[in-house]
Amino acid sequence: MTTVDIKPPPNFIRNIISEDLKANKNDGRVVTRFPPEPNGYLHIGHAKSICLNFGLAAENNGICNLRFDDTNPTKEEVEYVESIKEDVRWLGFDWGDRLFYASDYFEQLYDYAVQLIKLGKAYVCSLSADEIREYRGTLTEPGKDSPYRTRSVEENLDLFERMRAGEFEDGAHVLRAKIDMASANLNMRDPTIYRIRHEFHHRTGDKWCIYPMYDYTHCLSDAIEGITHSICTLEFEDHRPLYDWVLDTLKTPCHPQQIEFARLNLTYTIMSKRKLLELVEGGHVSGWDDPRMPTLVGMRRRGYTPESIRNLCERVGVAKRDSVVDIALLEYCVREDLNRRAPRVMAVLRPLRVVIDNYPEGQTEELEFPNHPEDPDMGSRKVPFSRVLYIERDDFREDPPKKFFRLAPGREVRLRYAYYITCVGMEKDEKTGEVVELHCTYDPQTRGGWAPDGRKVKATLHWVSAADSLEAEVRLYDHLFAKLNPGEEKDGADFKTHLNPNSLETLKSCRVEPSLADAAPGGRYQFERLGYFCVDSVDSTKEALVFNRTVSLRDTWAKIEKAQKQKA
RNA sequence: UGGGGUGUCGUCAAGUGGUAAGACACAGGUUUUUGGAGCCUGCAUUCGGAGGUUCGAAUCCUCCCACCCCAGCCA
């Protein structure tokens, strides 16, 4: 983990913790936890929580536990447990030996429930689920007591024990906390704390057929682990009285403080696990690791660095107001990171053949390219130059618009780190009129890209040698959704109708420089003038290279061109 | 017309009675063998609204308005 050498910016949770530390609350300890339910893959929203919890612990010499909230066997799977561990590790956090499962506490939780019954604070309720709902009342009307609310402690104890023993069908009974059916807070209207589920649990197997509910489990798990600050999202604010009630009623030796913050939302992105699952199952994406997904596996495959994600999480801040962060900030964060660390490389996505008429046929020369123009420590490499090259189609216009500085008939430009070339002719497809090949001359005096006479050129193009370059597939990604806030359901439309039909463009006949032959899976590069790309870790092979575009470079020309088109 | 929250620049976000940080975005300039990166400049006389307290209010008080969450045997 990176050490924090400058004082991090304040946020309300940091403030609470430093106040607590000042007051010597919890003997100056800070213990947090990241408590995912293993029912799906982690996404960038979870990253915010992970960074917050692990970060807060780290900056205060504290501890952060990784705890799986696995109390609902119908939804949870080991596959998810494994992926979550991997993602947290990848993000750069280490829980050491602090790996826990709520299911580790089932026995203790059961004992606590027995205590609650003995205290007269819990009872077995035999109403059906529907009846419980009816009895609960509404937002504006109080609920009414269950007829089972007055069962004796002995009967409750007996029934609860038999629930555990498996004597009853699913749904026959539940254990409820006895609080207040008239509470304005619905969570306090005798919430269910145990239900019967004859289900196999991924860790406890068939040992249990009753499972504790979240509200009951979470606070006690926190208390058992000695958590000091239990940080969760806003929607749990209403649950805090229940969190406190359970711990107060049971007089647990430790009473963590629940603090709620606003979850991360990003423009053009959906963060709901349910909806992400729907995209996966409906085949709208290739899987949880589709590079367009906001999942950590997806982003990793796309080429995002953990550093950039952590940086985003620090930059967005922590507060209590619902907000939607501009995805441009995320893109800024990756570019900032990759600009520093990604070696530069030449790749042509949409090749246009260029013949250098005055360059000797059959000749090839090796040019020396720096791997990073601002970082000599990254070394250099040799790149072959020859008579037939490819340049980017976009870099040539037969009829160049205003402010287009690149190649055009009669125009001279620089080939990066190579020579000045001048376009002297072109060949077109007879049928379509499409330019299929350019004829240029080069100035042998400009080797390396400098003209001895000092003449200037307005553009520098990237290129590859036709014969020496490698073919590659390149996948260009755009936002998965075309709508700024696809999660918003005000328009009543299914969120999938907002899917961006152009979120993936696959280019099959790209050409990349020969040094990429040895590119390792996951390797990240800047394709000069285009963007940051990584070797796809799933589909790329030595024989058939596949690259994913992580993010494009900022493109001033595209902006100008767009403005010009809007004017016209 | 119940309860719990939240309202500061286009988007995030500091600010906790002493006269509106910062970031992204945007716009201009500078520089440049990536129209990249860098660098510089600009960008809230005003803090949801209206009153009030005060020498002084985004910060305190009153009323109002808007938005979010809650009626799982999900988490």
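Owing to the predicted nature of the structure, the values given are computational and were not obtained by experimental measurement. In what follows, every chain begins at residue 1, and chains take the letters A, B, ... in the order their sequences are listed. The analysis underlying the following values was restricted to heavy atoms, covering all of them including side chains, and did not include hydrogens, waters or symmetry mates.
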Just call it for [X]: base, sugar-phosphate, or nothing, with non-hydrogen atoms closer than 4.0 Å on any strand.
X        : result
A/Pro10  : sugar-phosphate
A/Val457 : nothing
A/Glu141 : nothing
A/Lys458 : nothing
A/Leu127 : base
A/Val316 : sugar-phosphate
A/Phe404 : base
A/Tyr211 : nothing
A/Phe405 : base
A/Arg406 : base
A/Leu415 : nothing
A/His239 : base
A/Leu234 : nothing
A/Ala319 : sugar-phosphate

Options [options], nucleotide nearest the side-chain atoms of [X]:
X        : options             : answer
A/Thr556 : B/G35, B/G2, B/U6   : B/G35
A/Val325 : B/A75, B/G36, B/C12 : B/C12
A/Glu237 : B/C70, B/G4, B/U8   : B/G4
A/Thr140 : B/C73, B/G36, B/G2  : B/G2
A/Pro373 : B/C73, B/A75, B/G36 : B/G36
A/Asn72  : B/G2, B/C74, B/A13  : B/C74
A/Ser323 : B/A25, B/C12, B/A75 : B/C12

On the nucleotide [N], are OP1 or OP2 found under 4.0 Å from the side-chain N or O atoms that [X] carries?
X        : N     : result
A/Asn15  : B/G15 : yes
A/Arg335 : B/C24 : no
A/Arg315 : B/C12 : no
A/Arg136 : B/C73 : yes
A/Thr71  : B/A75 : yes
A/Arg529 : B/G35 : yes
A/Lys320 : B/G7  : no
A/Arg416 : B/U32 : no
A/Arg133 : B/G72 : yes
A/Tyr214 : B/C74 : no
A/Arg554 : B/G35 : no

For the residue pair [X] and [Y], does the interplanar ring angle fall in the parallel (under 30°), tilted (30 to 60°) or perpendicular (over 60°) class?
X        : Y        : answer
A/His201 : A/Tyr211 : parallel
A/Trp208 : A/Tyr110 : tilted
A/His173 : A/Phe168 : perpendicular
A/Phe369 : A/Trp463 : perpendicular

With no hydrogens and no angle check, do the side chains of [X] and [Y] hold a donor and an acceptor under 3.5 Å apart?
X        : Y        : value
A/Arg33  : A/His218 : yes
A/Ser380 : A/Glu368 : yes
A/Asp222 : A/Tyr243 : yes

> Is the base of B/G36 touched by the side chain of A/Glu374 through a donor-acceptor pair closer than 3.5 angstrom?
Replying inline: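 Checked by distance alone, the answer is yes.
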> When only distance counts, do a donor and an acceptor, one from the side chain of A/Asp555 and one from the base of B/G35, lie under 3.5 Å apart?
Replying inline: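 No.
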Give the rounded distance in Å between these two atoms: [atom1] of [X] and [atom2] of [N].
X        : N     : atom1 : atom2 : value
A/Asp375 : B/U34 : CG    : C1'   : 16 Å
A/Tyr417 : B/U34 : OH    : P     : 7 Å
A/Met346 : B/G36 : CE    : P     : 16 Å
A/Arg14  : B/G15 : CZ    : C1'   : 16 Å
A/Asn265 : B/C12 : CG    : P     : 9 Å
A/Asp244 : B/G4  : CG    : C1'   : 14 Å
A/Ile560 : B/A27 : CD1   : C1'   : 13 Å
A/Asp238 : B/A75 : CG    : C1'   : 15 Å

> Cation over ring, A/Arg511 on A/Tyr390, under 6.0 Å and within 45°?
Replying inline: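 Negative - A/Arg511 is either too far from the ring of A/Tyr390 or too far off its axis.
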Using Watson-Crick or G-U wobble geometry with both distances under 3.5 Å, which nucleotide pairs with [N]?
N     : answer
B/A66 : B/U6
B/C39 : B/G29
B/C55 : B/G18
B/U46 : none

> Taking atom P in both B/G49 and B/U11, what distance in whole Å separates the two?
Replying inline: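 Nearest-Å result for B/G49 against B/U11 at atom P: 15 Å.
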>> For the C1' atoms, the ones on B/U8 and on B/A21, what distance do you get once it is rounded to whole angstrom?
In response: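 Going atom to atom, C1' in each nucleotide, I get 12 Å.
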> Is a salt bridge present between A/Glu561 and A/Arg397, judged by a nitrogen-to-oxygen distance below 4.0 Å?
Replying inline: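 Result for this pair is yes, salt bridge flagged.
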>> Salt bridge check, A/Glu237 against A/Lys320: does any charged N sit closer than 4.0 Å to a carboxylate O?
In response: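 Yes.
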>> Go nucleotide by nucleotide along RNA chain B from the 5' end; which of A/Val174 and A/Ala328 gets its closest nucleotide reached first?
In response: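 It is A/Ala328 whose nearest nucleotide is closer to the 5' end.
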> If you find the nucleotide of RNA chain B closest to A/Asn185 and the one closest to A/Ile196, which residue's nucleotide is nearer the 5' end?
Replying inline: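 Here A/Asn185 is the residue nearer the 5' end.
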